[in-house]
Amino acid sequence: MKNTIKILAAAVVMISVVSCQKDSKPNYQYMPNMYEPVSYEAYGEYGVFPGGQEAMLPAEGSIPRGWMPYEIENSNVGYQFAKDSLKNAIRYTKENEEAGKELYNIYCAICHGEKGDGKGTLVKREKILGVPSYDDVGRAITEGSIYHVMYYGINSMGSYASQTSEHERWQIVQYVQKLKADLEGKTPRIDTDVVVAETKLEGEHHESTEDHSNAH
């Protein structure tokens, strides 16, 4: 009987402790230094840092994760070099074209127009003037010049390097090239080897489905 009372009393105590615990509050910390790191004020002066300054420059040659450096300089010489030699780093596929269209409509169409004719909303409202069409013979834009201008900006157009990734910029390049071809009455580029590969995969899938159906 006494053992039963002790067991019940212990159970009551345990239930009371558990029921009173709040998950929103931390438990007791017996060694707080193991849980709470020492914090330093931004730009504060502390002897543990080289030079006694909390704010330090990144290690020489380091770049942000996922960021690919662009080594062509922002100059007239750099622009011409990019225009003449820089090529699109991705394949011209329908998927990349659609992705490029979506990005173009977000970042570019407001000035350059949905068709690339330089008649965007801001131009029509005369907020910005002198936006040329992509088929302007005098500009003769190329893959490299489009990418270079998106990276650095030009004249009243700012840089889009911080808003877009390298892959996204190349997708926009493909779509701009597509708009240029449309304005010139040409067929937009789609890499034929990609089309052949996709067609071959679709055919293999179709044959596999027929074989599976015949097996049943």
Distance from [X] atom [atom1] to [Y] atom [atom2], nearest 0.5 Å?
| X | Y | atom1 | atom2 | answer |
| --- | --- | --- | --- | --- |
| K101 | I172 | NZ | CD1 | 14.5 Å |
| T192 | R189 | OG1 | CZ | 9.5 Å |
| D182 | Y134 | CG | OH | 12.5 Å |
| W170 | K87 | CH2 | NZ | 9.5 Å |
| L179 | Y104 | CG | OH | 5.0 Å |
| T142 | Y147 | OG1 | OH | 13.5 Å |

Measure from the side-chain N and O atoms of [X] to the backbone N and O of [Y], and report whether any donor-acceptor pair falls under 3.5 Å.
| X | Y | result |
| --- | --- | --- |
| Q174 | T93 | yes |
| N88 | I90 | yes |
| D117 | S133 | no |
| R169 | T164 | yes |

Got [X] and [Y] here, is their nearest side-chain heavy-atom distance under 4.5 Å?
| X | Y | answer |
| --- | --- | --- |
| E41 | Y46 | yes |
| V48 | Y40 | yes |
| N96 | H167 | yes |
| E98 | Y175 | no |
| I72 | Y151 | no |
| Q177 | E143 | yes |
| E97 | I190 | yes |
| K180 | R139 | no |

For this session: Taking all non-hydrogen atoms of both residues into account, name the closest pair between L183 and K115 and its distance.
Result: CD1-O, 3.6 Å
Exercise. Which pair of non-hydrogen atoms, one from P132 and one from H112, has the smallest distance, and what is that distance?
Worked result: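 Looks like O-ND1, 4.4 Å.
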Please check if the number of heavy atoms outside [X] that lie under 6.0 Å from its [atom1] is greater than 12.
| X | atom1 | result |
| --- | --- | --- |
| I63 | CD1 | yes |
| F81 | CZ | no |
| Q53 | CD | yes |
| D84 | CG | yes |
| Q80 | CD | yes |

For this session: Treat each ILVMFWY residue as a node, draw an edge where side-chain heavy atoms are under 4.5 Å apart, and state whether L103 and I110 are in one component.
Result: no
Exercise. Under the side-chain hydrogen bond (donor to acceptor under 3.5 Å, both in side chains) criterion, do Y107 and E168 qualify, and how do the steps go?
Worked result: CA-CA 11 Å; Y107 297 113; E168 288 174 335; 5.7 Å; no
Exercise. Stepwise, does the side chain to side chain contact (heavy atoms under 4.5 Å, CB included) test hold for H148 with I154?
Worked result: CA-CA 9 Å; H148 190 84; I154 190 171; over 6 Å; no
Problem set entry | Distance flag, aromatic centroids of Y152 and Y70, threshold under 6.0 Å |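 When the ring centroids of Y70 and Y152 are compared, they turn out to be within the sub-6.0 Å range.
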